[in-house]
Amino acid sequence: MAIIVNLDVVMAKRKMSLNELSEKVGLTLANLSILKTGKAKAIRFSTLESICSVLECQPGDILEYVDDQENKIAG
């Protein structure tokens with residue numbers, strides 16, 4: 001199982017920089033960068049809610065589930 005973080009895609013569509021999102025959400029650049037690169041192990045619902053509010057999107061726009069087994073079979 002893999003959760004893919006598409007935060008960079010949503011940010012690009014909204015033409016928002018990491019610095020701007022950081023200021024509006026109230027998270028450090030380091031924490032947002034970890035989330036954006038998919039290295040985060042978890043995300044608080046309150047953080048996800050803030051990001052979705054600022055980016056005017058749904059959680060499913062940012063997070064995507066990919067079944068590793070399907071990738072192995074297809075690959």
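In this text, all values refer to a predicted model and were calculated from it rather than measured experimentally.
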Side chain to side chain donor-acceptor pair (under 3.5 Å) pairs touching residues 29-39, sequence neighbours excluded, are Thr28-Asn31

Residue pairs passing the salt bridge (Lys or Arg N to Asp or Glu O under 4.0 Å) test with at least one member in residues 23-33, sequence neighbours excluded, are Glu20-Lys24

Would you tabulate the side-chain donor-acceptor contacts of residues 8-16 under 3.5 Å, counting partners in other chains and residues two or more places apart, or write 'none'?
from  : atom 1 : to    : atom 2 : distance (Å)
Arg14 : NE     : Leu55 : O      : 2.6
Arg14 : NH2    : Leu55 : O      : 3.3
Arg14 : NH2    : Glu56 : O      : 3.0

Rounded to the nearest 0.5 angstrom, the CD1-CG distance for Ile3 and Leu63 is 7.0 Å

Using a 4.5 Å cut-off on heavy atoms from C-beta on, say whether the side chain of Asp61 contacts that of Asn6. no

message = With a 4.5 Å cut-off on side-chain heavy-atom distances among I, L, V, M, F, W and Y, is there a chain of contacts connecting Leu29 to Ile34?
response = no

Separation between CG (Leu35) and CG (Leu18), nearest 0.5 Å, reads 9.5 Å

Let me have the donor-acceptor pairs involving side chains of residues 43-53, under 3.5 Å, with sequence neighbours excluded, atom names and distances please.
from  : atom 1 : to    : atom 2 : distance (Å)
Ser50 : OG     : Ser46 : O      : 3.1

For this session: Take Leu21 and Leu7 through the test side chain to side chain contact (heavy atoms under 4.5 Å, CB included) and record every step on the way to the result.
Result: CA-CA 11 Å; Leu21 183 61; Leu7 183 58; 4.1 Å; yes

